[in-house]
Protein chains: 2
Amino acid sequence: MRLATSVMRVQQLMISALDAALKPFGLTFSRYEVLVLLHFSKSGSLPLSKIGERLMVHPTSVTSAIDRLEAQGFVERVPDKDDRRRTLARLTTQGRATVKKATDAVSDIDFAITGLTDRQQDDAYQLLRRMRRASGDFPQ
Amino acid sequence: MRLATSVMRVQQLMISALDAALKPFGLTFSRYEVLVLLHFSKSGSLPLSKIGERLMVHPTSVTSAIDRLEAQGFVERVPDKDDRRRTLARLTTQGRATVKKATDAVSDIDFAITGLTDRQQDDAYQLLRRMRRASGDFPQ
DNA sequence: CATATTTAGTAGGACGTCCTACTATCGGAG
DNA sequence: CTCCGATAGTAGGACGTCCTACTAAATATG
C-alpha cells in the first residue's frame with residue numbers, strides 16, 4: 001500500500017510540474033502527448049482510435065482532447081476517405097510549431113523532475129515495467 | 001520522459017484496480033483513503049484541513065470527498081467547538097464497518113497489484129522516495 | 001445477398017483534481 | 001482594543017478520466 005501511495009504521489013507531482021511547464025503554451029500534458037504522437041506520425045495525422053490505443057486512454061478521452069486541441073487551432077478533424085467511420089486528427093502548422101517549442105520546455109524539466117541518476121532511472125523504469133506486466137500491460 | 005510515462009501508466013493501472021475492488025462498497029480509492037485516515041485517528045474525527053494536509057490534496061478536494069461520504073452516510077460533519085472556523089468529519093458506525101470490510105478487499109489485491117518481490121517493492125519505494133524529495137516532497 | 005456483429009466516434013454524466021474567489025473566524029501587531 | 005493578516009471551509013468552474021448508450025459504417029456470417 002505504501003508503494004501504491006508513493007506511485008500516486010509521484011504521478012501527482014510529475015503531472016503538476018509538467019502541466020506548469022506546458023501552461024505557457026496553452027497545453028496540459030495530456031493534450032501535449034496527443035500533439036507529440038501526431039508530430040511523430042508520418043503524415044502528421046492519425047485516426048482518433050489510434051491515438052486512444054497508443055496513449056492507452058478511453059475513446060471518449062480522445063474525443064475530449066481533440067475537441068479542445070481543435071478549438072485551440074492545434075489540430076483539425078479530417079474525414080478518412082478509406083473508412084468513413086474514421087476521423088483523422090491532423091496537426092496544423094500552428095500545432096506543429098507549438099509542439100516543438102513545448103518539447104523544449106518539457107525537456108528542460110525532465111532531468112530535474114526525478115532527481116535520479118541515469119542508472120537509478122533505468123532501475124526504476126524496469127521495476128515499473130514489471131508492475132505494468134503484472135497488471136496485464138505490455139510495455140512496448 | 002519514458003520514466004514519467006511509466007509512472008503515470010502504473011498509477012492508472014493501480015487506481016483502476018483499487019477502484020474496482022472498492023466499487024462493491026460504494027467507494028473510490030480517494031474516498032477510501034479519507035475513511036482510513038479517520039479510522040486510525042483517536043476520536044474517529046479530523047478537521048477537513050487536516051485531512052487535506054495528510055492526503056496532500058487541495059482543500060476543495062476534501063470538501064468534495066466529504067460531501068459524498070456524508071451523503072452516503074459514512075461520515076458526518078460536526079462543528080469544532082474549540083475553533084469555529086473548523087468542521088470535523090466524523091466516522092459514523094456504518095462508515096467504520098465499511099472501511100473495515102473495504103480494507104480486507106484492498107489487502108487482497110495489494111500483493112497481486114505490483115508483481116514485485118518484497119525486496120523489489122522496497123527498492124521501488126526508495127527510488128520513488130528520491131523522486132518525491134527531488135520535487136520538494138518530504139515523505140514521512 | 002441479407003442480417004448480425006464489430007469498430008469508430010460522440011453525447012451525456014459521474015468523479016477527482018486543481019484554481020480562484022469569497023465568507024467567517026482566529027490571533028497577533030500596534 | 002482594534003484592525004489586519006492568516007487559516008478553514010465552500011462555491012463555481014475548468015480539465016481529464018472513465019462509463020454507458022447511441023449512431024454510422026465496415027465486416028463477417030449464414
For [X] and [N], what is the distance between atoms [atom1] and [atom2] respectively, to the nearest whole Å?
| X | N | atom1 | atom2 | answer |
| --- | --- | --- | --- | --- |
| A/Leu69 | D/dC15 | CG | P | 11 Å |
| B/Glu53 | D/dG9 | CD | P | 11 Å |
| A/Arg84 | D/dA24 | CZ | C1' | 9 Å |
| B/Asp80 | D/dG9 | CG | P | 9 Å |
| A/Leu18 | C/dC18 | CG | P | 15 Å |
| A/Asp82 | D/dA26 | CG | P | 10 Å |
| B/Glu70 | D/dG9 | CD | P | 13 Å |
| B/Gln11 | C/dT17 | CD | C1' | 11 Å |

Please tabulate the protein-to-nucleotide N/O contacts below 3.5 Å involving nucleotides 8-12 of chain C, giving atom names and distances.
residue: C/dG9; atom: OP1; partner: A/Leu48; partner atom: N; Å: 3.3
residue: C/dG9; atom: OP1; partner: A/Thr87; partner atom: N; Å: 2.8
residue: C/dG9; atom: OP1; partner: A/Thr87; partner atom: O; Å: 2.8
residue: C/dG9; atom: OP2; partner: A/Ser49; partner atom: N; Å: 2.4
residue: C/dG9; atom: OP2; partner: A/Ser49; partner atom: OG; Å: 2.9
residue: C/dT10; atom: OP1; partner: A/Arg77; partner atom: NE; Å: 2.7
residue: C/dT10; atom: OP1; partner: A/Arg77; partner atom: NH2; Å: 3.1
residue: C/dT10; atom: OP2; partner: A/Thr63; partner atom: OG1; Å: 2.8
residue: C/dT10; atom: OP2; partner: A/Arg77; partner atom: NH2; Å: 3.4

Exercise. Contacts to DNA chain D from residues 19-43 of chain A, heavy-atom cutoff under 4.0 Å, which residues?
Worked result: A/Thr28, A/Ser30, A/Arg31
Seminar exercise, completed: When A/Arg68 and A/Lys81 are each assigned the nearest nucleotide of DNA chain D, the 5'-most assignment goes to A/Arg68
For residues 1-10 of chain A, dump all side-chain donor-acceptor pairs below 3.5 Å to protein atoms at least two apart in sequence or in another chain.
residue: A/Arg2; atom: NH2; partner: B/Asp122; partner atom: OD1; Å: 3.1
residue: A/Thr5; atom: OG1; partner: A/Met1; partner atom: O; Å: 2.9
residue: A/Ser6; atom: OG; partner: B/Arg132; partner atom: NH1; Å: 3.1
residue: A/Arg9; atom: NE; partner: B/Asp137; partner atom: OD1; Å: 3.4
residue: A/Arg9; atom: NE; partner: B/Asp137; partner atom: OD2; Å: 2.8
residue: A/Arg9; atom: NH1; partner: A/Gln12; partner atom: OE1; Å: 2.6
residue: A/Arg9; atom: NH2; partner: B/Asp137; partner atom: OD1; Å: 2.8

Exercise. Listed by chain and number, what are the side chain to side chain donor-acceptor pair (under 3.5 Å) partners of A/Gln126, not counting sequence neighbours?
Worked result: none
For this session: Check the side chains of B/Ser30 and B/Thr28 for a donor-acceptor pair under 3.5 angstrom, ignoring hydrogens and angles.
Result: no
Problem set entry | salt bridge (charged side-chain N to carboxylate O under 4.0 Å, His left out) between A/Asp67 and A/Arg31, worked out | CA-CA 10 Å; A/Asp67 281 350; A/Arg31 273 175 284 158; over 6 Å; no
Exercise. Is the distance from OP1 or OP2 of C/dG16 to the nearest side-chain N or O of A/Gln12 less than 4.0 Å?
Worked result: no
Exercise. What residues, two or more places apart in sequence or in another chain, satisfy side chain to side chain contact (heavy atoms under 4.5 Å, CB included) together with B/Gln120?
Worked result: A/Leu127, A/Arg130, B/Leu116, B/Thr117
Problem set entry | Min side-chain heavy-atom separation B/Gln72-B/Leu69 under 4.5 Å | yes
For this session: Taking the side chain as every heavy atom from C-beta outward, state whether A/Leu18 and A/Tyr32 have any pair of such atoms under 4.5 Å apart.
Result: no
Exercise. Linking Ile, Leu, Val, Met, Phe, Trp and Tyr by side-chain heavy atoms under 4.5 Å, what else ends up with A/Val78?
Worked result: A/Leu88
For this session: Report the distance from atom OG1 of B/Thr103 to atom CG of B/Leu22, rounding to the nearest 0.5 Å.
Result: 8.5 Å
